[in-house]
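Have a look at the structure below before the remarks.
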Amino acid sequence: MKYALVDCNTFYASCEKVFRPDLKNKPVIVLSNNDGCVVAMSREAKALGIPRGIPLFKVESHIKKYDIAVFSSNYTLYHDLSSRVMNILRNFASELEIYSIDEAFLILGGESQDDIARLIRGTVMTWTGIPVSVGIGPTKTLAKAANKVAKKRPEGYFDFSSSDSRLFLKELEVGDIWGIGRQYQAFLNRNGIFTALQLTQQSDSWVKKNLTMVGLRTKWELEGKPSIDMEQAPPPKKGILSSKSFSYPVTDLLDLMEAAADYGTTATEKLRKQKSVCRYVNISVSTNYFRQGDRQYSNAATIELAVPSAYPPDIISAARRGLEQIYRKGFKYKKITVYLTGIEDENRGQLDLFLKEDPRKYRVMESVDRINRKYGRNTVNCMNIRETSHWQMKREQLSPRYTTNWNELPLISAG
DNA sequence: TCTGGGGTCCTAGGACCC
DNA sequence: TCTGGGGTCCTAGGACCC
């Protein structure tokens with residue numbers, strides 16, 4: 001059995017280029033929420049040496065000098081193109097795991113691996129305009145590592161089994177292994193372990209003791225023993241959060257209340273979408289820790305609901321009660337998070353009681369969800385959220401919703 | 001002036017039970 | 001002076017991922 005990892009190259013930047021042929025071979029960067037920092041770059045922008053995660057204001061001069069195209073993140077567009085890519089990949093796999101917005105694991109059939117990799121790349125490019133890389137290996141971890149190699153090759157694919165496995169592992173640095181982050185990399189380096197090959201030479205018990213069971217599975221995967229399952233249907237989320245940074249410091253409790261209502265609504269929509277209810281509402285606020293001179297404060301509160309619910313007014317009033325507990329006057333708040341936990345299926349015991357108590361609540365919410373899906377987010381909302389509140393997101397370089405809004409379809413002109 | 005958002009899993013330690 | 005053993009549940013914190 002063979003695993004493939006298909007990864008969209010510089011996904012957000014590639015999405016922005018699909019409808020802008022004038023940007024072909026030009027550097028493109030995509031910003032985080034609030035246009036804060038650089039989260040994605042086209043190949044050309046990477047070549048200019050811009051590091052991922054750098055704040056926008058630090059690269060303004062580069063942008064002017066090299067005429068870099070800058071975009072606010074347009075998740076409506078990225079999610080739509082992502083689902084088109086995933087639907088294509090489904091045709092090539094006996095099993096498909098959508099791992100993230102721009103990556104999927106596939107279990108391949110018996111065809112020649114080179115042929116299938118070429119076919120996948122060609123089809124996705126022709127049908128969506130998105131370039132992808134294909135890594136193939138006997139485990140998910142090795143397919144991931146093969147994908148890293150694929151990205152550096154002009155063919156855009158690489159099969160682990162076509163290489164000398166000992167040499168491959170020797171050239172793979174521990175920090176580049178899927179599942180080994182910065183802390184573990186530093187720890188392993190301190191212990192004289194720098195390559196995947198060296199990691200596989202440690203005993204299972206040593207790896208488990210120092211890198212937990214997760215690290216031990218990674219070791220087995222590097223040895224070619226599949227130890228991480230495919231997840232075809234994503235399990236329901238165990239925690240759902242909605243959190244945003246403010247574009248300007250917020251001091252007023254009423255503004256925070258409004259933001260809590262907005263993000264509480266967003267989180268609750270996600271909750272209803274997976275047909276769940278939650279028992280706990282956790283709300284947290286913090287000041288801007290990047291501002292060294294400011295007085296800093298952060299705090300969180302968890303409110304338990306009387307009955308598990310996915311009804312926005314229940315969630316929002318809990319969030320507001322929590323906020324009243326933790327709000328302190330005189331701080332400049334930067335960020336607020338609403339986090340829903342204690343998630344259960346909506347059909348479980350306790351809820352029956354609730355539905356008997358007031359089934360109208362759920363009928364109201366079904367209608368609201370329908371209207372908002374049709375006419376846009378916040379067409380109907382619970383707390384009179386203003387369109388122009390100053391705590392809302394900054395998105396000054398937003399591209400059109402080319403694929404999801406009739407008024408923003410790309411126009412083609414003849415001649 | 002300007003520094004993202006949304007998740008998962010694991011472990012240690014404390015409270016509590018018999 | 002002597003001060004068990006085994007278990008569950010919960011939370012906080014730390015690691016990881018994109």
The side chain of [X] lies closest to which of these nucleotides: [options]?
X	options	value
A:Gln183	B:dG7, B:dT1, C:dC16	C:dC16
A:Thr212	B:dG7, B:dT11, B:dT1	B:dT11
A:Val214	B:dC9, C:dC18, B:dT1	B:dC9
A:Lys244	C:dC18, B:dT8, B:dG5	B:dG5
A:Asn33	B:dT3, C:dC16, B:dG5	B:dG5
A:Val39	B:dC2, B:dG4, C:dC18	B:dG4
A:Lys270	B:dC10, B:dG7, B:dC9	B:dG7
A:Asn288	B:dG4, B:dT11, B:dT3	B:dT3
A:Lys334	B:dT3, B:dG7, B:dT1	B:dT3
A:Ser245	B:dG4, B:dG7, B:dC9	B:dG4

For this session: Just name whichever nucleotide pairs with B:dC9, Watson-Crick or G-U, keeping both distances under 3.5 Å, else none.
Result: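 B:dC9 is paired, partner C:dG14.
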For this session: On DNA chain B, check which nucleotide each of A:Gly239 and A:Cys37 is closest to and give me the residue with the more 5' one.
Result: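 Per heavy-atom nearest nucleotide, the more 5' residue is A:Cys37.
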Over all strands shown, is [X] touching base, sugar-phosphate only, or nothing at heavy-atom distances under 4.0 angstrom?
X	value
A:Leu241	sugar-phosphate
A:Tyr99	sugar-phosphate
A:Lys335	sugar-phosphate
A:Lys58	nothing
A:Leu31	nothing

May I have the distance from [X] (atom [atom1]) to [N] (atom [atom2]), rounded to whole angstrom?
X	N	atom1	atom2	result
A:Leu216	B:dT11	CG	P	11 Å
A:Glu221	C:dC17	CD	P	14 Å
A:Asp102	B:dG5	CG	P	19 Å
A:Leu211	C:dG14	CG	C1'	13 Å
A:Phe105	C:dC17	CZ	P	12 Å
A:Arg182	C:dC17	CZ	P	11 Å
A:Arg217	C:dC16	CZ	C1'	13 Å
A:Phe11	B:dG4	CZ	P	22 Å

[X] vs [N]: side-chain N/O to OP1/OP2 distance below 4.0 Å:
X	N	result
A:Ser73	B:dG4	no
A:Lys144	C:dC17	no
A:Arg52	B:dT3	no

Exercise. Would A:Asn9 and A:Ser133 count as having a side-chain donor-acceptor pair, cut-off 3.5 Å?
Worked result: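 Side chains of A:Asn9 and A:Ser133: pair found under 3.5 Å.
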Problem set entry | Polar side chain donor-acceptor pair, A:Ser203 to A:Ser205, under 3.5 angstrom |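 On atom types as modelled, these side chains qualify, holding a pair under 3.5 Å.
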For this session: Measure the acute angle between the ring planes of A:Tyr297 and A:Tyr333, then classify it against the limits of 30° and 60° as parallel, tilted or perpendicular.
Result: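 Aromatic pair A:Tyr297/A:Tyr333 classed perpendicular.
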For this session: Fit a plane to each ring of A:Tyr75 and A:Tyr78, take the angle between them on a 0 to 90° scale, and name the class: parallel (under 30°), tilted (30 to 60°) or perpendicular (over 60°).
Result: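 Ring orientation, 0 to 90° scale: perpendicular.
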Exercise. Does the distance from a Lys or Arg side-chain N to an Asp or Glu carboxylate O, for A:Asp159 and A:Lys2, drop under 4.0 Å?
Worked result: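 Looking at A:Asp159 and A:Lys2, the cut-off is met.
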For this session: Go through the steps for A:Asp35 and A:Ser72 under the test side-chain hydrogen bond (donor to acceptor under 3.5 Å, both in side chains), then give the verdict.
Result: CA-CA 6 Å; A:Asp35 294 345; A:Ser72 303; 2.8 Å; yes
Exercise. Do A:Arg295's NZ or CZ and the ring of A:Phe331 fall within the cation-pi criteria of under 6.0 Å and 45°?
Worked result: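 So A:Arg295 does make the cation-pi contact.
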